[in-house]
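What follows is a short report on a single structure.
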Amino acid sequence: MYFEREDKPKITLVILSIIFLSICLSFYYHFRGETGNNDSYRRLANLKSLQESGQLRTFYEPIPILLSLILKKISFSGYMVGYHISLAFSFSSFLHMIMLTFYRKEWKSNHYFIVYLTAFMPFSVHLPYYFYEEIICMFFLLLLNYTFKLETISDLFVLFLLTVFAFLSHIAIFFSGYLLFVAFATFKKNQEKKSKPTVFFKKKNIAMRILIAYLFFFILTSVLISYFDFFGTSSFGFLFNSSFDVAYRFFPIFLALFIGQYLLRSEKELNTSGTTAVVVLLIVVSGYFTYNTNKDDLESLKRMDAEIQSLKGSGRLSNSTILHGSSLISNYLYYHSGENIVANRIGEFTEKDYFIVENLSGTERVYLDRKNIASNLYFFLDNNTVLLSWSLIERLRNEKENNDLKVVVTNHFETFPKGLTPHEKLNRSLNSIFGM
């Protein structure tokens with residue numbers, strides 16, 4: 001939605017509002033406690049590794065991790081606090097940018113409170129834990145849409161800079177999001193009727209030509225992404241599912257802010273202190289009811305960490321042992337105890353390698369117990385997770401009997417990625433440019 005630019009909102013007040021909401025969200029996330037999702041521990045492990053060893057454990061787009069590192073250093077805080085601050089700041093900036101896109105005239109106080117209410121709604125408050133990189137990418141695309149004029153050379157520089165920032169935030173969302181930006185900019189330019197043509201749009205059909213050119217580029221890129229398995233197996237499906245998931249999860253936010261600003265613009269009686277009081281009450285109620293929801297169970301990860309430390313402390317596992325585990329286990333243990341577990345990858349394994357195999361059933365436990373297996377070849381970490389040595393795994397895989405444990409182990413190794421995807425290789429190169 002595009003409105004005229006007169007009586008624009010005061011950017012200073014908007015920035016102060018972004019900082020205020022960031023502080024509120026940071027406290028909310030901090031007191032809520034740790035999250036148990038894989039994405040968060042991947043970011044935390046990367047942040048810790050970058051701070052302590054100067055390199056990343058996994059390769060993702062550089063802008064989000066750089067933002068987390070900068071905010072951690074600015075706030076003089078620990079990893080978890082710095083991480084929560086980066087989530088809060090990016091989400092607050094994103095929400096304010098949506099409102100700026102919908103309502104470009106001077107904001108009244110209730111415009112700010114509508115943004116605060118949307119931030120603490122059940123469908124939105126936990127999204128930064130899962131879509132941190134996507135939020136940053138969409139923020140740059142929204143900022144690009146907000147500032148887009150393309151009337152002078154400086155506008156061209158801003159266009160290039162924000163495009164690069166969006167690309168370096170989340171490549172998958174950038175492709176689909178940029179298509180929407182170009183389509184919207186084309187529509188906006190075609191709707192504008194100015195007395196003097198701009199430098200770049202002297203012909204009426206230039207904007208449409210740009211849209212057609214980018215649409216062709218988008219289709220060609222999608223075909224190449226699929227052909228070269230850029231994101232791994234089924235890359236086109238990954239690109240489509242990522243875009244659909246973001247659209248599905250963030251549509252309620254855009255709808256809430258659009259309806260909120262529309263009602264404030266059309267219903268003048270809503271711009272009162274009474275309405276403000278009601279919105280503040282809704283914020284408190286929404287924050288209260290969402291505080292204890294959507295929490296992840298960390299007990300199994302804590303037990304696993306404690307058991308591995310116990311095995312090493314008692315000498316049953318040597319310090320030269322190489323441990324392999326899922327991405328979540330690998331990142332969780334590295335972040336909490338510095339245990340450098342290798343995320344499951346296909347490679348050349350030796351007798352020093354042990355693998356964490358999860359989701360065992362009772363029959364698989366019984367199989368291990370009743371077989372004559374040396375005690376140093378496997379260790380139970382909890383009721384359904386076991387640490388298996390590579391020599392035992394080879395023995396199981398070579399057995400003629402197709403038992404349940406053999407099936408579990410075989411399936412476990414089939415999930416291992418065969419190597420870095422082109423996407424990860426590209427991110428490794430991009431991160432090296434920033435010294436990571």
Side-chain angles (χ1 to χ4, degrees), residues 22 25-27 29-91 126 128-136 168-170 295-310 312-313 317 319-345 356 381 420 424 427-436:
S22 298
L25 285 170
S26 297
F27 277 107
Y29 293 145
H30 175 71
F31 287 111
R32 182 177 177 273
E34 285 192 31
T35 176
N37 73 79
N38 184 31
D39 289 333
S40 286
Y41 281 114
R42 182 255 303 168
R43 298 179 193 119
L44 286 164
N46 260 349
L47 187 61
K48 180 178 180 179
S49 180
L50 183 60
Q51 179 77 44
E52 297 181 2
S53 64
Q55 59 185 9
L56 298 174
R57 286 169 53 82
T58 50
F59 301 107
Y60 286 81
E61 287 79 0
I63 294 296
I65 186 65
L66 283 174
L67 177 62
S68 296
L69 183 63
I70 291 171
L71 291 175
K72 176 191 175 296
K73 290 184 175 181
I74 291 176
S75 60
F76 301 100
S77 59
Y79 296 114
M80 185 61 73
V81 174
Y83 174 59
H84 283 155
I85 290 174
S86 62
L87 293 184
F89 178 75
S90 60
F91 193 44
H126 300 121
Y129 285 112
Y130 305 93
F131 297 96
Y132 173 56
E133 294 84 3
E134 291 89 336
I135 285 172
I136 295 176
L168 295 178
S169 298
H170 196 282
K295 285 193 174 181
D296 300 283
D297 184 16
L298 299 176
E299 292 305 315
S300 62
L301 291 171
K302 292 178 181 177
R303 288 194 300 269
M304 204 177 302
D305 189 9
E307 186 62 27
I308 290 175
Q309 299 311 314
S310 175
K312 288 203 166 186
L317 280 179
N319 290 328
S320 61
T321 300
I322 301 172
L323 300 180
H324 300 256
S326 67
S327 177
L328 175 58
I329 293 174
S330 172
N331 291 322
Y332 178 88
L333 267 67
Y334 178 81
Y335 170 69
H336 275 284
S337 58
E339 194 67 50
N340 197 17
I341 292 183
V342 180
N344 289 334
R345 290 277 182 184
I356 299 174
L381 301 180
L420 294 178
E424 291 172 316
N427 283 329
R428 181 174 60 183
S429 300
L430 293 174
N431 286 315
S432 66
I433 296 174
F434 292 90
M436 296 187 292

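- Looking at Leu168 and Phe434, their side chains come closer than 4.5 Å, going by heavy atoms from C-beta outward.
- The closest donor-acceptor contact from the side chain of Ser432 to the backbone of Ser429 lies under 3.5 Å.
- For Phe27, the side-chain contact (heavy atoms from CB on, under 4.5 Å) test picks out Ile23, Phe31, with sequence neighbours left out.
- Once rounded to the nearest 0.5 Å, the distance linking CZ of Arg43 with CG of Asn37 reads 7.0 Å.
- Residues Asn340 and Arg57 come closest through the heavy atom pair OD1-NH1, 2.9 Å.
- Residue Leu66 holds its CG atom at 12.0 Å from OG of Ser86, rounded to the nearest 0.5 Å.
- Between Ala88 and Ser26, the closest heavy-atom pair is CB-OG, 3.3 Å.
- Counting only heavy atoms from C-beta outward, the side chains of Arg345 and Leu420 approach each other to under 4.5 Å.
- Atoms CZ and OG1, on Arg42 and Thr58 in that order, are 6.0 Å from each other to the nearest 0.5 Å.
- Between Pro64 and Ser169, the closest heavy-atom pair is CG-O, 3.6 Å.
- For Gln51, the side-chain contact (heavy atoms from CB on, under 4.5 Å) criterion is met by Leu69, Lys72, Lys73, Tyr79, not counting sequence neighbours.
- Closest of all the heavy-atom pairs between Glu61 and Asn431 is C-OD1, 4.3 Å.
- Between Lys302 and Asp305 there is no salt bridge, since none of the side-chain N atoms of the basic residue sits less than 4.0 Å from a carboxylate O of the acidic one.
- Of the possible donor and acceptor atoms, none in the side chain of Asn331 sits under 3.5 Å from a partner among the backbone N and O of Asn38.
- For Ser330 against Ile341, the heavy-atom pair with the smallest separation is OG-O, 2.7 Å.
- The two residues Tyr129 and Asp39 come nearest to each other via the heavy atoms O-CB, 3.9 Å.
- The OG1 atom of Thr321 sits 9.5 Å away from the CD atom of Glu339 when rounded to the nearest 0.5 Å.
- The closest side-chain heavy-atom distance from Phe131 to His170 is not below 4.5 Å.
- Formation of a donor-acceptor pair under 3.5 Å by the Ser49 side chain with backbone atoms of Ala45 is not found in this model.
- Residue Tyr132 qualifies as enclosed at atom OH: its count of foreign heavy atoms under 6.0 Å is above 12.
- Distance CD/Glu134 to OG/Ser90: 11.0 Å, rounded to 0.5 Å.
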* Evaluation steps, side chain to side chain contact (heavy atoms under 4.5 Å, CB included), between Ile356 and Ile308 -> CA-CA 11 Å; Ile356 299 174; Ile308 290 175; 4.1 Å; yes
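- Checked against a 6.0 Å centroid threshold, the rings of Tyr83 and Tyr29 do not count as neighbours.
- Each of Ile136, Ile135, Leu25 was checked for a side chain to side chain contact (heavy atoms under 4.5 Å, CB included) with Pro128, and the lone residue meeting it is Ile135.
- The distance from atom CZ of Phe59 to atom CD1 of Ile65, rounded to the nearest 0.5 Å, is 12.5 Å.
- A centroid separation of less than 6.0 Å is found between the aromatic rings of His336 and Tyr332.
- Side-chain contact check for Leu301 versus Leu328: some heavy-atom pair is nearer than 4.5 Å.
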